[in-house]
Every structure is written in structure tokens, then in C-alpha cells.
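First comes the structure, then the notes that go with it.
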Number of protein chains: 2
Amino acid sequence: MSGTGRPRGFDADEALHAAMLVFWRQGYEGASLADLTAAMGITKTSMYAAFGNKEELFRKALARYDVGPASYGYRAVEQPTAREVAEAFLTGAVRTTTQPNCPAGCLGVQGSLAAGESGEPAREILVAWRNNGGRMLEERFRRAVEEGDLPEETDAGRLALYVMTVAFGIAVQAASGVSRADLQEVADTALLAWPA
Amino acid sequence: MSGTGRPRGFDADEALHAAMLVFWRQGYEGASLADLTAAMGITKTSMYAAFGNKEELFRKALARYDVGPASYGYRAVEQPTAREVAEAFLTGAVRTTTQPNCPAGCLGVQGSLAAGESGEPAREILVAWRNNGGRMLEERFRRAVEEGDLPEETDAGRLALYVMTVAFGIAVQAASGVSRADLQEVADTALLAWPA
DNA sequence: AGAGTTGTGTACCGATCGGTACTGAAACCG
DNA sequence: CGGTTTCAGTACCGATCGGTACACAACTCT
């Protein structure tokens with residue numbers, strides 16, 4: 001064997017970033033291959049060679065979203081106290097879902113909440129992604145209970161579910177066009193329910 | 001002129017109900033005319049004659065959803081106190097989004113959060129529908145402030161936005177498969193933030 | 001240079017998309 | 001009965017869907 005072949009003529013990272021934005025703005029089913037490849041600046045053939053197919057492209061775009069716009073979640077759980085974790089998480093959600101020059105809302109929510117048969121795999125990918133976020137928060141809160149940071153009787157799962165629910169609601173409101181300032185007020189209000 | 005023509009061979013109300021369920025389960029873009037008419041038990045021709053087109057069918061399905069599964073909102077604002085309004089609203093959201101034999105989640109949320117070009121009208125219809133719910137709640141809370149039911153300094157708009165946000169979050173969680181009992185706990189937790 | 005390998009562009013695939021023209025069938029009226 | 005009106009089914013429309021076959025270009029290796 002010999003020869004490593006022709007190098008690709010585009011930046012795969014940039015192309016994936018562009019695809020992520022299209023999925024974010026239009027959802028999985030609303031983003032056609034024509035929309036995606038036009039934004040990525042490549043042809044369908046190149047997309048299939050580089051990323052597999054539409055579903056794989058979506059999976060990779062979500063992974064990029066996870067470590068990019070959604071990375072506030074990982075930073076949040078590193079806060080020293082559970083209260084600060086929740087504050088950072090909700091503030092991060094507000095900021096990411098209302099970022100200028102980015103689609104309003106959250107890819108992990110509006111990417112595919114309900115779908116027809118062909119969009120079912122993407123929907124399930126997002127269900128798993130959202131549940132994973134809740135699990136991460138729950139484990140962090142459980143640790144906080146063990147450390148005495150949260151009251152002994154605190155239900156970590158319930159608290160995590162609450163914070164995640166508010167974050168998802170914020171994402172929906174952002175998709176409706178609600179402003180960053182208004183959503184930050186919502187986040188502040190939600191924290192009034194914090195256990196004593 | 002004479003003759004009133006052949007009567008339609010199907011129940012338009014039943015057909016609309018079936019269409020509503022398909023939109024609810026699959027979203028606007030995920031619901032094809034083939035899916036819709038199969039569920040409605042009629043042909044495309046009959047659907048167009050009776051309802052106009054897909055977008056009009058969606059509009060009418062949403063109207064039916066509004067006075068059916070989503071009617072808890074109207075009942076909620078009739079509660080005697082603002083606190084009871086919020087309780088009824090959130091409990092109603094929990095119950096409707098987790099109703100057995102119905103799609104999980106809320107048609108007004110997952111019907112179309114993000115969409116491609118062809119789904120933009122439906123998306124805007126839902127944005128308006130959601131904003132309308134918030135306005136209704138806000139007016140009710142404003143009245144509660146005037147009546148002395150809520151503290152004088154209460155920001156009715158902010159409170160309404162908060163309650164709506166939690167309700168939307170509940171809808172997202174329900175679409176992910178979270179149980180009714182867990183979501184009722186979320187609703188209860190959210191109400192801990194209620195103004196003194 | 002030549003062989004081997006891989007990316008790219010075109011042109012195309014069958015299937016499905018939302019929507020409609022047309023033909024009868026089924027009802028009402030007189 | 002005939003005449004009129006409306007609904008229903010078939011068959012079809014152009015456009016777009018996600019995906020691919022194929023020829024060729026561009027690179028590395030010997």
C-alpha cells in the first residue's frame with residue numbers, strides 16, 4: 001500500500017460548527033441536507049464522506065454543542081456550594097439561550113422535542129442528553145448532602161429535576177423571544193425555592 | 001339554485017381531534033399529510049375541502065387543544081387567590097402533559113419550537129399562543145395585586161413569566177418521559193418561591 | 001513517472017413532500 | 001324524474017427529501 005489520498009478541502013471543525021447552528025435554529029427535521037451543506041460550504045458528497053449521514057452529523061453537532069455552548073453545565077457543577085451550582089447552571093442557561101449571533105433557545109431542547117418516524121432517533125438522542133444533564137446535577141447535589149452543604153433530608157434527585165425543569169423552561173421562553181434580562185429574573189425567582 | 005349537496009361522510013370534530021393528536025405527538029413538521037389523513041380516516045382531498053391546508057388544520061387543531069387539554073389555564077385563572085391560580089396552573093400542566101392515552105408533553109411547546117422555512121408559520125402561531133397564556137396569567141396576577149391578594153410590590157409580569165417558564169419546563173420533561181408524580185413534586189417545589 | 005488512495009463535483013436515485021385536477025357518487029331540490 | 005350542489009377517490013403534479021454511483025482531481029508513496 002502507498003499514498004494517503006487527497007486531503008479534504010475544508011475545515012471539518014468549522015463545517016461542524018456551521019451544521020450545529022443550523023440544527024439549533026431549525027431543529028433536526030427542519031434542517032434539510034441542502035440547508036446544512038449550504039451553511040457548511042460543502043457538497044452533500046463531502047458531508048457524507050466526512051460525517052456519515054444526517055443522524056451522525058446531528059450526533060456530532062450535539063457533541064460539539066455539549067462542550068461549547070452547553071459547557072456551562074460542567075462549569076456549574078464545579079462550584080463550591082450546591083446553591084452556587086444552581087445559580088451558575090441557571091445563569092448559564094439564560095446566557096446561552098439568549099446569546100446574540102446564535103439561535104435563541106437550546107439545541108438540546110428544540111433540536112427535536114416531538115418528531116415523526118424519521119426523526120425518532122434524533123429525538124431519543126436528545127432525551128438521553130437531557131437526562132444526562134439531570135443525572136450530573138443530581139450526583140452533585142447528592143454529594144452536597146453528604147458534605148453537609150445541603151440539609152440532610154434534601155432529595156437530591158428532586159432538586160436536580162427542579163433545576164433542570166426551570167432551565168428547560170428558560171430555553172422554551174428564549175425560543176419565544178423573551179429577553180435575557182427577563183429570563184435572568186426568572187432564574188432569580190426560581191432560586192427563591194432553594195432549601196434553607 | 002337548488003340542492004344542498006352531498007353531506008360529508010365523516011365527523012369533522014372527530015377528524016380534527018385525531019389530527020390534534022398527531023400534531024401533538026409528532027410536531028408540525030414531523031406530521032405528514034399521509035400521517036394526518038390516515039389518523040383522521042379520510043383522504044387528502046376531504047381534508048383540504050374541510051380544513052383548507054396543513055397550516056389551517058394545525059391552527060384549528062391548536063384551537064381545539066386550547067379549549068380541550070389546555071383548558072386548565074382558563075380554569076386556573078378563575079381560582080380565588082393568586083396562589084391557588086399558580087397551583088392550579090402548574091398542576092394542570094403536570095396532568096395534561098402526562099395524561100395516559102395522550103402524547104406526552106404539550107402541543108403548544110413541542111408542536112414547533114424550531115423549524116425550517118416551511119414550518120415558520122406554525123412556529124409563530126405557537127409563539128403567539130404561548131405568549132397569550134403568559135398575558136392571561138399576568139393580568140390575573142395584576143388584579144391580585146390590586147385586590148391586595150399579592151404584596152403591593154409584586155411584579156405581576158415577572159411572576160407570570162416565572163410560572164409559565166416552570167410550566168414549559170414541565171412540558172419538556174414530560175416529553176422526555178418524566179412521570180406525573182415526579183413532575184408534581186417539581187411543581188410543588190416551584191411554588192416554594194411564592195411571594196410571602 | 002506510476003500506482004494507490006482519498007476527497008470533490010455532477011448527475012442521478014426512488015421515495016415522499018404538500019397540494020390539486022378530474023371523475024363519479026351521493027345527497028338535496030323542484 | 002332531471003338539475004344542481006357537494007363530497008370522495010384516484011391519479012397525478014412539480015419540488016424536495018435523504019442518499020449514492022461514478023468520473024475525476026489531488027495528494028503520498030515507491
Side-chain angles (χ1 to χ4, degrees), chain A residues 1-16 18-19 22-23 26-61 111-112 114-125, chain B residues 1-16 18-19 22-23 26-61 111-112 114-125:
Chain A
M1 76 185 76
S2 69
T4 56
R6 175 178 177 175
R8 64 164 54 110
F10 63 95
D11 185 315
D13 260 21
E14 285 178 14
L16 186 56
V22 175
F23 281 130
Q26 308 189 8
Y28 180 78
E29 289 187 317
S32 71
L33 282 185
D35 292 333
L36 290 162
T37 54
M40 298 165 89
I42 63 179
T43 64
K44 266 189 286 189
T45 315
S46 297
M47 193 286 281
Y48 274 89
F51 301 103
N53 59 20
K54 190 185 179 185
E55 184 182 324
E56 282 301 311
L57 178 63
F58 182 71
R59 194 174 257 114
K60 283 158 183 156
S112 179
E117 193 182 352
S118 70
E120 192 60 20
R123 204 194 122 260
E124 289 171 6
I125 288 168
Chain B
M1 78 184 73
S2 67
T4 55
R6 173 180 177 175
R8 67 164 53 109
F10 62 94
D11 185 316
D13 260 21
E14 285 178 15
L16 187 56
V22 174
F23 281 130
Q26 309 190 5
Y28 180 78
E29 290 189 296
S32 71
L33 282 186
D35 292 333
L36 291 162
T37 53
M40 298 166 86
I42 62 179
T43 65
K44 266 190 285 191
T45 316
S46 297
M47 194 284 281
Y48 275 89
F51 301 103
N53 59 20
K54 189 185 178 184
E55 186 183 323
E56 282 302 312
L57 178 62
F58 181 71
R59 195 174 257 113
K60 284 159 183 156
S112 179
E117 193 182 352
S118 71
E120 193 59 21
R123 203 192 122 262
E124 289 170 8
I125 288 169

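Lettering follows sequence order; numbering is per chain, from 1. The shown structure was predicted, so the numbers you read here are calculated from the model rather than taken from an experiment.
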Any donor-acceptor N/O pair, A/E29 side chain to A/G116 backbone, under 3.5 Å: yes
Those residues of residues 36-43 of chain A lying under 4.0 Å from DNA chain D by at least one heavy atom: none
B/Y28 and B/E55, any side-chain heavy atoms less than 4.5 Å apart: yes
B/E124 side, atom CD; B/S112 side, atom OG - distance, nearest 0.5 Å: 9.5 Å
Rounded distance [0.5 Å steps], CZ in B/R123 versus CD in B/E117: 13.0 Å
In residues 7-16 of chain B, what donor-acceptor pairs under 3.5 Å come from side-chain atoms, sequence neighbours left out?
unit_1 : atom_1 : unit_2 : atom_2 : d
B/D11  : OD1    : B/D13  : N      : 2.8
B/D11  : OD1    : B/E14  : N      : 3.1

A/T4 side chain near D/dC27 phosphate (N/O to OP1/OP2, under 4.0 Å): no
Residue list, side chain to side chain contact (heavy atoms under 4.5 Å, CB included) with B/T43, at least two apart or on another chain: B/T45, B/S46
Results of side chain to side chain contact (heavy atoms under 4.5 Å, CB included) for A/E56 - residues two or more places apart only: A/N53, A/R59, A/K60
Under 3.5 Å, which donor-acceptor pairs link side chains of residues 32-40 of chain A to any protein atom two or more places apart or in another chain?
unit_1 : atom_1 : unit_2 : atom_2 : d
A/S32  : OG     : A/A34  : N      : 3.4
A/S32  : OG     : A/D35  : N      : 3.1
A/S32  : OG     : A/D35  : OD2    : 3.2
A/D35  : OD2    : A/S32  : N      : 3.3
A/T37  : OG1    : A/L33  : O      : 2.8
A/T37  : OG1    : A/A34  : O      : 3.4

Letter per nucleotide, 5' to 3', of nucleotides 15-25 of chain C [B base touched, S only sugar-phosphate touched, - untouched; heavy atoms, 4.0 Å]: --SSBBB--BB
